[in-house]
Amino acid sequence: MKTKIGQIVNRLLQAIPSIIGIVIISFLLTRSLPGDPAVYFAGAMADEESIQQVRVALGLDKGLIEQFFIYIQNLTQGNLGLSLNTGVSVLEEITTRLPASLELTFIGLGFAILVAIPLGILSATKPGSFIDHFTRVLVTMGVSLPTFFTGLFLIYVFYFLLGVAPSPIGRLDIIYLSPPHVTGFYTIDSLLANDMETFMASVKQLILPSITLGIFALAPIARMTRASMINALSSDYVRTAKANGLPQGMILVTYALRNSLLSILTTLGMVFSFLLGANVLVEKVFSWPGIGSFAIEALVASDYAAVQGFVLTMAMLFVVVNLIIDIVLTLIDPRVSIDN
């Protein structure tokens with residue numbers, strides 16, 4: 001147990017150089033964005049003197065190195081700066097919006113897992129069959145169609161033509177009030193408040209955007225499941241299990257699927273990170289008040305503090321998710337070390 005804790009602490013320490021590198025790169029990249037934020041925030045009718053006053057107020061009149069050290073000093077104090085676009089601190093914006101993005105991402109990933117893993121298993125057990133060809137078509141569509149196109153297509157069919165989906169205007173229809181804040185996840189908070197009406201309304205709003213994300217995530221999960229299961233089913237231990245007359249279901253689940261989980265879980269970690277990035281366009285299409293739409297608005301306005309806060313948050317999430325995946329892998333198979 002002490003060895004495992006030591007490995008986890010060691011892995012956390014290994015993440016520090018990555019975080020430092022991300023801080024430096026995000027700072028330099030935001031400074032290289034086209035456009036002058038002082039001109040943007042001074043307004044279209046501002047003269048040169050007004051623009052210079054805004055530039056001084058934003059600290060952009062200082063040298064790049066001085067700006068960087070001021071940014072680092074604020075960062076060590078937990079201050080991510082003020083979003084000039086909204087007038088609210090970046091930390092508050094991210095804290096408020098991140099649960100919306102995570103709720104959408106978790107449900108989208110859950111939908112992808114529920115569809116992709118059974119399809120991958122069926123394709124592996126019956127290669128060349130109808131289900132195998134159907135899976136190939138589905139994953140090809142998922143990986144080739146942009147998320148914004150899939151989202152707009154689903155809105156057109158299910159909201160505009162069929163009228164069975166709610167309007168894509170965010171997390172809740174305007175006739176509902178947000179549940180009392182506990183976790184920031186509307187589905188969980190409404191259940192905690194025993195408000196089933198709000199719960200159902202929030203679930204309905206989640207269906208189309210989470211399916212859009214789920215279709216995007218189907219391809220890598222289904223392909224990795226199929227490939228891992230084919231390798232496992234052709235292994236010696238599965239042939240031995242068949243020779244001993246074990247039931248087909250036990251062979252598939254206990255022997256083949258369990259040994260395939262290492263590859264599938266590793267893929268899930270990467271897919272989760274990709275989904276956080278794909279959220280940006282999906283949130284914009286569905287007017288979802290998450291961190292992705294916040295990042296797009298910050299990019300358009302060259303809002304340096306907001307962009308840096310978004311990039312840093314995504315990087316931290318990526319590190320945490322990969323660490324969790326590593327720990328889960330060691331629990332499933334003790335032969336796997338976190339160091340490896």
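All values below were derived from every heavy atom in this structure, side-chain atoms included, with hydrogens, water molecules and symmetry-related copies excluded.
The other members of the hydrophobic cluster of Ile25, by chain and number, are Leu29 (side-chain heavy atoms under 4.5 Å, ILVMFWY only).
By the salt bridge (charged side-chain N to carboxylate O under 4.0 Å, His left out) test, Asp173 is found to be paired with no residue, residues two or more places apart in sequence or in another chain being considered. Under the salt bridge (charged side-chain N to carboxylate O under 4.0 Å, His left out) criterion, Arg223 pairs with no residue at all, not counting sequence neighbours. Residues meeting the salt bridge (charged side-chain N to carboxylate O under 4.0 Å, His left out) test with Glu283, sequence neighbours left out: none. Under the rule for a side-chain contact (heavy atoms from CB on, under 4.5 Å), the partners of Ser202 that lie at least two apart in sequence or sit in another chain are Leu172, Tyr186, Thr187, Ser190. Residues satisfying the side-chain contact (heavy atoms from CB on, under 4.5 Å) test with Val137, not counting sequence neighbours, are Met141. Applying the ring pair (Phe, Tyr, Trp, His ring centres under 6.0 Å) test to Phe149 and every residue at least two apart in sequence or in another chain returns nothing. For the side-chain contact (heavy atoms from CB on, under 4.5 Å) test, residues two or more places apart in sequence or in another chain that qualify with Val280 are Ile296, Phe310. With sequence neighbours left out, the ring pair (Phe, Tyr, Trp, His ring centres under 6.0 Å) criterion links Tyr71 to Phe27. In terms of the salt bridge (charged side-chain N to carboxylate O under 4.0 Å, His left out) criterion, residue partners of Glu297 (sequence neighbours excluded) are, by chain and number, Lys284. Partners of Phe130 by ring pair (Phe, Tyr, Trp, His ring centres under 6.0 Å), not counting sequence neighbours: none found.
Aromatic ring centres of Phe272 and Phe318 lie farther apart than the 6.0 Å criterion allows.
Residue pairs meeting the side chain to side chain donor-acceptor pair (under 3.5 Å) criterion with at least one member in residues 105-115, sequence neighbours excluded, are Thr105-Asn279.
With hydrogens and angles disregarded, a donor-acceptor distance shorter than 3.5 Å links the side chain of Ser234 to the backbone of Asn231.
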